[in-house]
Amino acid sequence: MTPTIRILDAAATRAAIPDLSDILSDCINGGASLGFMLPFEPQDATAYWNGIADEVEKGTIILAVAEVEGRAVGTVQIGLASKPNQPHRGDLMKLLVHHDARGLGLSRKLMEAVETEAARQGRTLLVLDTATGSDAERIYPRFGWQRVGVIPDYALWPQGGLCGTTLFYKRIG
């Protein structure tokens, strides 16, 4: 059960939409604040992932997946900043690992792959925000990310109720 980490092109992203939708639904139903509200089923994610595939095709998003036995069980994205004064920056988004595949070190492997690809594409600074108090908030410092601060009442948890967001950055490349 050795995981494979891949950077996907648009065609591979479209082919992975069923697995990606399952991962996203699993994480939201597990309480992750990812921009969606409950109830949320895998089919609710199809439009989102089609949009991501379009962005991958345009070259504005780097998408990595972790696969175990041919099934995508984890993913992470970097949105490449497009403003003329930010050609060096990217936004890390949606580090997700299906609950069935946790404990295999996939988060670290996904982060390493996507950071390497972002550096290869000339990015030297990455930023992210994550729900304050979440499991994700505790993991990023272990991967070398620097905590900047918290914005209170930034978003809603998927089940409702306000949550803050914690901002992080990392220099790469």
Side-chain angles (χ1 to χ4, degrees), residues 1-81 90-123 126-131 134-145 157-159 168 170 172-173:
M1 199 159 99
T2 303
T4 302
I5 308 297
R6 293 191 303 138
I7 303 295
L8 299 187
D9 62 17
T13 300
R14 288 185 179 94
I17 285 175
D19 287 347
L20 292 168
S21 296
D22 187 48
I23 296 164
L24 182 59
S25 176
D26 177 70
C27 291
I28 292 166
N29 283 286
S33 179
L34 297 165
F36 301 95
M37 302 299 290
L38 294 175
F40 194 88
E41 298 300 325
Q43 64 269 19
D44 299 329
T46 302
Y48 171 77
W49 288 113
N50 278 318
I52 296 300
D54 292 345
E55 295 301 316
V56 168
E57 190 164 49
K58 291 180 206 171
T60 58
I61 284 187
I62 299 167
L63 179 66
V65 297
E67 297 169 323
V68 173
E69 297 176 355
R71 176 179 159 231
V73 294
T75 185
V76 67
Q77 307 166 35
I78 290 183
L80 302 174
D91 296 294
L92 188 103
M93 303 176 291
K94 297 200 180 6
L95 174 61
L96 310 171
V97 176
H98 195 282
H99 79 273
D100 290 342
R102 293 189 183 152
L104 301 175
L106 297 180
S107 291
R108 180 175 300 277
K109 290 175 176 139
L110 283 162
M111 293 291 285
E112 289 169 355
V114 81
E115 289 172 14
T116 298
E117 181 61 19
R120 191 188 71 72
Q121 292 192 33
R123 293 333 198 239
L126 300 178
V127 297
L128 69 84
D129 70 271
T130 192
S134 67
D135 291 340
E137 181 185 14
R138 290 183 289 281
I139 200 169
Y140 291 114
R142 288 187 258 160
F143 299 157
W145 288 73
W157 292 106
Q159 67 276 16
F168 289 89
K170 185 175 184 181
I172 60 168

Euclidean distance, Leu106 CG relative to Met111 CE, rounded to 0.5 Å
13.0 Å
Can you tell if the side chain of Lys170 reaches within under 4.5 Å of the side chain of Tyr140, non-hydrogen atoms only?
no
Under 3.5 Å: donor-acceptor pair, side chain of Asp26, backbone of Asp22
no
Just do the side chain to side chain contact (heavy atoms under 4.5 Å, CB included) check on Ile61 and Met93 with the steps written out, would you?
CA-CA 10 Å; Ile61 284 187; Met93 303 176 291; 4.1 Å; yes
Lys94 side chain to Leu34 main-chain N or O, any donor-acceptor pair under 3.5 Å?
yes
Residues Ile23 and Gly74: closest non-hydrogen pair is CD1-N, 3.4 Å
When rounded to the nearest 0.5 Å, the distance separating CG of Leu8 from CD1 of Ile62 is 12.0 Å
Inter-residue atom distance Lys109.NZ - Leu104.CG, 0.5 Å rounding
7.5 Å
With distance as the sole test, does Thr75 use its side chain to make a donor-acceptor pair with the main-chain N or O of Val65 at under 3.5 Å?
no
Check the pair Trp49 / Leu63 against side chain to side chain contact (heavy atoms under 4.5 Å, CB included), numbers first and verdict last.
CA-CA 11 Å; Trp49 288 113; Leu63 179 66; 4.1 Å; yes
Side chain to side chain donor-acceptor pair (under 3.5 Å) between Glu55 and Thr60, intermediate numbers included:
CA-CA 5 Å; Glu55 295 301 316; Thr60 58; 2.4 Å; yes
To the closest 0.5 Å, what do you measure between CG (Leu95) and CZ (Phe143)?
6.5 Å
Atom pair CG (Leu24) and CD (Glu41), whose distance is rounded to the nearest 0.5 Å:
11.5 Å
Between Phe168 and Pro141, is any pair of side-chain heavy atoms under 4.5 Å apart?
yes
OG/Ser21 to CG/Asn50 distance, rounded to the nearest 0.5 angstrom?
8.0 Å
Leu126 to Glu115 - nearest heavy-atom pair and separation
CD1-CG, 3.8 Å
What are the two closest non-hydrogen atoms of Val56 and Ala10, and how far apart are they?
CG1-N, 3.5 Å
Side-chain donor or acceptor of Arg102 paired with backbone N/O of Val97 under 3.5 Å
yes
Quick one: do Glu117 and Arg120 make a salt bridge, cutoff under 4.0 Å?
yes
Is the backbone N or O of Ala81 less than 3.5 Å from a side-chain atom of Arg123, with the two atoms forming a donor-acceptor pair by type?
yes
Ser33 and Pro158: which non-hydrogen atoms are nearest, and at how many Å?
CA-CD, 4.0 Å
Looking at every non-hydrogen atom in both residues, tell me the closest pair between Pro3 and Val68 and how far apart they are.
CB-CG2, 4.1 Å
Evaluate the criterion side chain to side chain contact (heavy atoms under 4.5 Å, CB included) for residue pair Leu38 and Asn29; output intermediate values, then yes/no.
CA-CA 7 Å; Leu38 294 175; Asn29 283 286; 3.3 Å; yes
Of the non-hydrogen atoms in Ala136 and Thr130, which two are nearest, and what is the gap between them?
CB-OG1, 3.3 Å
Using a strict 4.0 Å threshold on nitrogen-to-oxygen distance, state whether Arg14 and Asp9 make a salt bridge.
no
